[in-house]
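I have placed the structure first, in the form of structure tokens, so that the comments after it can refer back to it.
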Protein chains: 2
Amino acid sequence: MPEIEALKSGSSTQRDGLNHQAIEDYLKTIYMLAELESPVSTSRIAEARDVKPASVTSMLQRLAKLKMVDYKKHSGVTLTTAGEKVALEVIRHHRLLELYLMEALGFEWDEVHEQADILEHVISEKLEERIAAFLGHPTVDPHGDPIPAKDGTIVAVDTISLANLATGTQAQITRIIDDANSEMLRYLAELGLTPGTEFTVVDIAPFDGPFSLQVGDNVKIVGRTIANSILVTFV
Amino acid sequence: MPEIEALKSGSSTQRDGLNHQAIEDYLKTIYMLAELESPVSTSRIAEARDVKPASVTSMLQRLAKLKMVDYKKHSGVTLTTAGEKVALEVIRHHRLLELYLMEALGFEWDEVHEQADILEHVISEKLEERIAAFLGHPTVDPHGDPIPAKDGTIVAVDTISLANLATGTQAQITRIIDDANSEMLRYLAELGLTPGTEFTVVDIAPFDGPFSLQVGDNVKIVGRTIANSILVTFV
DNA sequence: AATTAAGTTTAGATATACCTCAAAAGCTAA
DNA sequence: TTAGCTTTTGAGGTATATCTAAACTTAATT
Ligand SMILES: [Mn+2]
Ligand SMILES: [Mn+2]
Ligand SMILES: [Mn+2]
Ligand SMILES: [Mn+2]
């Protein structure tokens with residue numbers, strides 16, 4: 001693991017190994033928020049992590065000292081190369097674990113996020129490698145999210161939100177955002193709307209209208225909230 | 001998980017899940033030391049955990065407050081039913097994980113202890129259950145240590161140390177103690193002295209003499225240190 | 001240019017979970 | 001009864017992670 005070597009400096013608080021939790025989570029959060037808007041503001045991070053902005057500020061100062069982020073007062077943060085490396089590694093762990101829990105241990109796609117969120121911080125490089133090998137070095141997780149490669153490469157497929165499609169469009173589901181929302185995931189699985197599914201938009205009701213999707217012989221109807229969470233590619 | 005519900009009281013420090021580490025480790029230590037001598041003294045625990053006795057005392061007070069141990073100043077501790085339950089659960093996790101890492105992911109028996117020591121504190125009940133099911137609800141781990149059942153039952157086989165055998169005795173290896181000692185484990189694997197192996201003591205050299213063991217067509221020689229770590233049953 | 005609202009940072013606190021050292025206290029066996 | 005060992009106390013340290021309230025910065029609006 002890159003493992004934030006900088007951290008392991010003085011202290012050597014005996015049984016480490018479970019420490020960096022918070023740091024890794026912040027870096028992951030920053031990475032993800034940066035995909036939407038960069039630099040990432042203090043308040044965005046505070047919202048995402050459900051803490052007060054003041055807490056974020058002090059963590060950003062810590063991360064800056066560790067050279068994990070470039071931080072200048074009042075102007076948000078960006079990850080440094082080192083910070084991005086850690087973020088990508090944690091994300092890799094998370095997504096590999098999600099897929100592993102499903103493939104190897106029969107978990108459902110709405111159950112894996114929580115457990116992966118914990119395990120992502122504690123698996124060794126060796127365990128990561130064995131899991132990846134078992135899975136045949138996959139590039140996408142159960143929710144369609146890309147799995148960063150060991151070298152930090154990440155293959156992002158160009159997608160568009162289902163909510164932006166016009167009637168008549170044919171497309172394929174590639175990714176569900178907010179993979180932490182178990183209820184929605186369970187519901188989508190029930191409807192059969194999972195990554196890989198092809199469909200045609202047969203109707204969009206007016207205003208924030210529900211979308212009617214033709215999937216095989218069936219028509220599935222989803223509201224705007226769900227439509228926003230489904231990313232698709234054209235077939 | 002029994003999970004020390006008592007702890008989760010007030011604070012509710014949002015992203016818990018990785019906390020109880022130290023507590024669980026102390027309970028595990030106490031459980032294991034109690035097998036040798038009970039009640040367990042402060043200094044025994046301090047040695048085992050490699051901390052100062054003063055640290056142990058304060059942890060024991062904490063554990064007593066949590067009703068995990070019966071503790072009376074100056075007279076050592078014993079686990080309460082609740083404490084033993086937690087200890088057994090952690091041990092169950094540890095041993096299931098060790099076996100799982102070998103069976104499912106191709107780890108070697110000298111590599112699994114370290115990773116299991118971390119993971120044991122963070123797997124959910126569901127993950128534990130899936131792992132146990134995958135393994136066919138095993139009762140011994142790769143080092144021959146018994147795996148406590150969900151209900152806390154633990155099947156201890158009666159064993160004797162190889163070091164206590166007399167020349168001519170036939171026996172079978174059931175268990176290796178100090179499963180944390182990678183080097184010894186690697187060496188034993190090399191010699192083919194793993195749980196299940198049958199052998200006959202063909203010679204014991206004088207003083208703290210090496211033991212010569214007939215295993216199939218070969219004779220393997222082990223010193224006293226190793227002999228002490230090998231527990232056997234008669235065939 | 002001055003005002004203002006929104007967002008951000010500081011300062012000061014609180015809390016918890018470890019841990020240490022040094023000294024006091026307690027125990028036990030000769 | 002006392003020496004020697006073990007254990008506990010008390011004071012203190014470090015690190016992490018959070019909060020509130022006040023002060024400040026920035027950018028947009030008069
Ligand atoms: Mn890794
Ligand atoms: Mn996912
Ligand atoms: Mn369990
Ligand atoms: Mn073991």
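Any value given below was found using the heavy atoms of this structure, including those in side chains, with hydrogens, waters and symmetry copies removed. Just so it is clear, the model here is predicted, and its values are computed rather than measured. In what follows, every chain begins at residue 1, and chains take the letters A, B, ... in the order their sequences are listed.
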Exercise. For the side chain of B:R95 and the backbone of B:P146, is there at least one donor-acceptor N/O pair under 3.5 Å apart?
Worked result: yes
Exercise. Taking the side chain from A:R130 and the backbone from B:G106, do they hold a donor-acceptor pair closer than 3.5 Å?
Worked result: yes
Interatomic distance where [atom1] belongs to [X] and [atom2] belongs to [N] [whole Å]:
X: A:D50; N: D:dA17; atom1: CG; atom2: C1'; value: 14 Å
X: A:L66; N: D:dA17; atom1: CG; atom2: P; value: 11 Å
X: B:H20; N: C:dT16; atom1: NE2; atom2: P; value: 14 Å
X: B:L60; N: D:dT7; atom1: CG; atom2: P; value: 10 Å
X: B:Q21; N: C:dC19; atom1: CD; atom2: C1'; value: 15 Å
X: B:H74; N: D:dT9; atom1: NE2; atom2: P; value: 7 Å
X: A:R49; N: D:dA17; atom1: CZ; atom2: C1'; value: 10 Å

Would you say [N] has OP1 or OP2 under 4.0 Å from some side-chain N or O of [X]?
X: B:Y71; N: D:dT8; result: yes
X: A:T57; N: C:dT8; result: no
X: B:K73; N: D:dT9; result: yes
X: A:K52; N: C:dT8; result: no
X: B:Y26; N: C:dC19; result: yes
X: B:Q61; N: D:dT9; result: yes
X: A:R62; N: D:dA17; result: yes

Exercise. Looking only at side chains, do B:D141 and B:H94 share a donor and an acceptor under 3.5 Å apart?
Worked result: no
Exercise. NZ of B:K150 to OG1 of B:T153: how many Å apart, nearest 0.5 Å?
Worked result: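 So the NZ of B:K150 and the OG1 of B:T153 are separated by 11.5 Å.
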For this session: Specify whether A:Y100 and B:Y100 have parallel, tilted or perpendicular ring planes, treating 30° as the upper limit for parallel and 60° as the lower limit for perpendicular.
Result: perpendicular
For this session: By nearest nucleotide on DNA chain D, pick out whichever of A:M59 and B:K72 is the more 5' one.
Result: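 Counting from the 5' end, the first nearest nucleotide belongs to B:K72.
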Problem set entry | Test salt bridge (charged side-chain N to carboxylate O under 4.0 Å, His left out) applied to B:K126 - qualifying residues, sequence neighbours left out |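 With sequence neighbours excluded, B:K126 shows a salt bridge (charged side-chain N to carboxylate O under 4.0 Å, His left out) to A:E111, given in chain and number order.
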Problem set entry | Set of residues satisfying salt bridge (charged side-chain N to carboxylate O under 4.0 Å, His left out) with respect to A:E129, sequence neighbours excluded |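 Expected list: none.
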Exercise. Which residues within residues 41-48 of chain A lie with some heavy atom under 4.0 Å of an atom in DNA chain C?
Worked result: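 Nucleic-acid contacts, sorted: A:S41, A:T42, A:S43.
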For this session: Among D:dT18, C:dG7, C:dC19, find the nucleotide with the atom closest to the side chain of A:S55.
Result: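 Nearest to the side-chain atoms of A:S55, counting from C-beta on, is D:dT18.
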